There are 2 protein chains.
Amino acid sequence: MARLREFDYEQVLDGALGLFWRDGYEATSLDGMLGEVGLSKSSFYGAFGSKHDMLLAALDRYIETVLQANIEDLRRGSPRAAIVRHFDKILGFQPVSKTCFLQVCAVELAAHDQLVRMRVRRGVELLEEAFRDAIARGQAAGEFAADGDARAFATFLVANGYGLQMLGRANLAAHSRKKTLSIILKALE
Amino acid sequence: MARLREFDYEQVLDGALGLFWRDGYEATSLDGMLGEVGLSKSSFYGAFGSKHDMLLAALDRYIETVLQANIEDLRRGSPRAAIVRHFDKILGFQPVSKTCFLQVCAVELAAHDQLVRMRVRRGVELLEEAFRDAIARGQAAGEFAADGDARAFATFLVANGYGLQMLGRANLAAHSRKKTLSIILKALE
DNA sequence: TAGATTTCGGACTAACTGGTCCATAAAAAT
DNA sequence: ATTTTTATGGACCAGTTAGTCCGAAATCTA
């Protein structure tokens with residue numbers, strides 16, 4: 001075989017994800033990113049192909065790490081408590097909310113980039129399915145209206161999560177955002 | 001006095017708004033935009049100052065035209081019908097949803113740009129106030145729960161609107177999104 | 001008509017963009 | 001030890017970026 005790569009692929013990918021997440025895709029310069037993670041251009045192009053390819057890889061990685069962790073957290077404890085936990089996380093982002101990376105990609109790129117759009121949709125659908133499962137379990141346990149459409153409830157919860165993240169970015173008064181949680185929960189009853 | 005300007009300031013501003021709206025701020029090149037609207041660089045810098053200044057002007061213009069029109073539409077007819085109209089608009093965006101310009105700016109720029117953030121917040125607050133008025137009128141007319149917090153209901157509606165726009169960008173199944181409207185309306189009763 | 005003032009077209013700039021290339025280094029296989 | 005294969009550093013590239021500058025044109029006032 002041949003020379004071994006000296007850098008940690010996943011570590012570099014996580015670093016790139018962090019920058020894309022914080023600054024967006026266009027505002028993240030390749031040179032700047034390579035400087036921060038300490039990688040040469042030839043190594044980068046050898047391992048990742050292009051800036052755009054790396055974004056797709058970062059998006060996949062986000063889904064299989066950060067998003068999956070959120071999804072698994074939705075499975076823990078009582079469904080209602082898990083949903084409250086999920087929203088408390090969103091409502092606690094400080095001070096100008098860091099939004100889900102899926103939202104960053106959806107708003108900046110999805111309209112013009114089919115490969116990004118497909119991944120964002122898949123991520124959103126995974127989250128929606130997790131909510132649907134939680135709702136179904138909650139319905140069986142009598143926590144939520146048994147005659148409600150679990151899928152529709154799930155979409156409703158996903159939409160509220162992203163909407164509240166947007167309001168966080170806009171810096172809308174936190175006390176105002178927090179009061180919506182009880183409305184959301186009541187809608188499930 | 002002196003030579004008159006040959007271009008229409010607001011027409012150029014609307015053109016720029018359209019591009020920022022469609023492609024985002026970073027992805028919109030100044031040269032490209034000036035080519036499209038047919039303006040020379042010196043005229044541009046004389047009238048608008050910088051790309052960033054123009055974005056702020058475009059954001060202000062969005063609020064006082066597009067957003068105000070939406071707000072005024074919320075005042076027409078029965079509050080409940082106006083709210084349904086508002087969400088039908090969002091749910092009808094095709095095919096990969098064009099989202100509110102406030103959301104584009106919030107997600108791409110608000111975290112790092114205070115001037116943008118202030119404007120986005122102001123726009124969101126205007127929308128929220130319009131919803132609050134509609135809710136209050138609806139409560140007086142017996143359309144909505146009279147004991148509900150009108151401000152919280154309004155924030156809830158704004159969040160749902162932006163959340164559904166995000167799901168539209170992600171291309172989440174339209175039938176799934178549409179089913180949330182009845183949940184939203186029921187939450188107000 | 002002369003002067004003052006502003007706009008216009010477009011040449012120009014310096015910095016930066018993502019991406020290519022190549023000589024060298026390092027590891028494994030023979 | 002030589003060959004094969006891949007990784008690395010960094011020089012290099014053409015195109016683009018936002019922004020500056022200046023001579024010429026156009027309009028108003030006197």
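Here is how names work: the chains are called A, B, and so on, in the same order as the sequence lines, proteins then strands, and each is numbered from 1. Note that this is a predicted model, so its numbers are computed, not measured.
Put simply, NZ on A:K51 is 9 Å from C1' on C:dT17, counting in whole angstrom units. Taking atom OH of residue A:Y45 and atom P of nucleotide D:dG9, one finds them 16 Å apart after rounding to whole Å. Atom C1' of nucleotide C:dG10 and atom CG of B:L39 are separated by 13 Å, given to the nearest angstrom. The distance between atom OH of A:Y9 and atom C1' of D:dA7, rounded to the nearest whole Å, is 15 Å. Taking atom CZ on B:R5 and atom C1' on D:dC28, their separation rounds to 16 Å, with Å as the unit. Taking atom CD of B:E6 as the reference point, atom C1' of C:dG9 lies 10 Å away to the nearest angstrom. When rounded to the nearest whole Å, the span between CE of A:M33 and C1' of C:dT17 equals 15 Å. The nearest whole Å value for the distance from the CZ atom in B:F44 to the P atom in D:dT20 is 11 Å.
OP1 or OP2 of C:dC8 has at least one side-chain nitrogen or oxygen of B:S43 nearer than 4.0 Å.
Residue contacts for B:F7: at a heavy-atom cut-off of 4.0 Å it reaches the sugar-phosphate backbone alone, with no base atom in range. B:S29 comes within contact range of the sugar-phosphate backbone alone, with a heavy-atom separation under 4.0 Å but no base atom that close.
Here the two rings, on A:F48 and A:Y9, have centers that are under 6.0 Å apart.
Residues A:G46 and B:H52 each lie close to DNA chain D; by heavy-atom proximity, the contact nearer the 5' end of the strand is made by A:G46. Residue A:G32 is the one, among A:G32 and A:G49, whose nearest nucleotide of DNA chain C lies closer to the 5' end (criterion: closest heavy atom). Between B:L4 and B:Y25, the one whose closest nucleotide on DNA chain D sits nearer the 5' end is B:Y25.
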Trace of the side chain to side chain contact (heavy atoms under 4.5 Å, CB included) decision for A:R151 with B:H175: CA-CA 11 Å; A:R151 173 89 196 272; B:H175 63 86; 4.1 Å; yes
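Residues A:L19 and A:F44 share a hydrophobic cluster, clusters being chains of Ile/Leu/Val/Met/Phe/Trp/Tyr side chains in contact below 4.5 Å. Residues A:M118 and A:L67 are members of separate hydrophobic clusters, defined by side-chain heavy-atom contacts under 4.5 angstrom among Ile, Leu, Val, Met, Phe, Trp and Tyr.
The base of D:dG10 does not come close enough to the side chain of A:S40 for any donor and acceptor atom to sit less than 3.5 Å apart. Remark: the B:R3 side chain and the C:dT7 base include a donor-acceptor N/O pair separated by less than 3.5 Å. Side-chain atoms of A:K41 and base atoms of C:dG19 include a donor and an acceptor less than 3.5 Å apart.
Not a single donor-acceptor pair under 3.5 Å links the side chain of B:E128 to the backbone N or O of B:A154.
Of the candidate nucleotides C:dG9, D:dG19, C:dT17, C:dG9 has the atom nearest to the side chain of B:S42.
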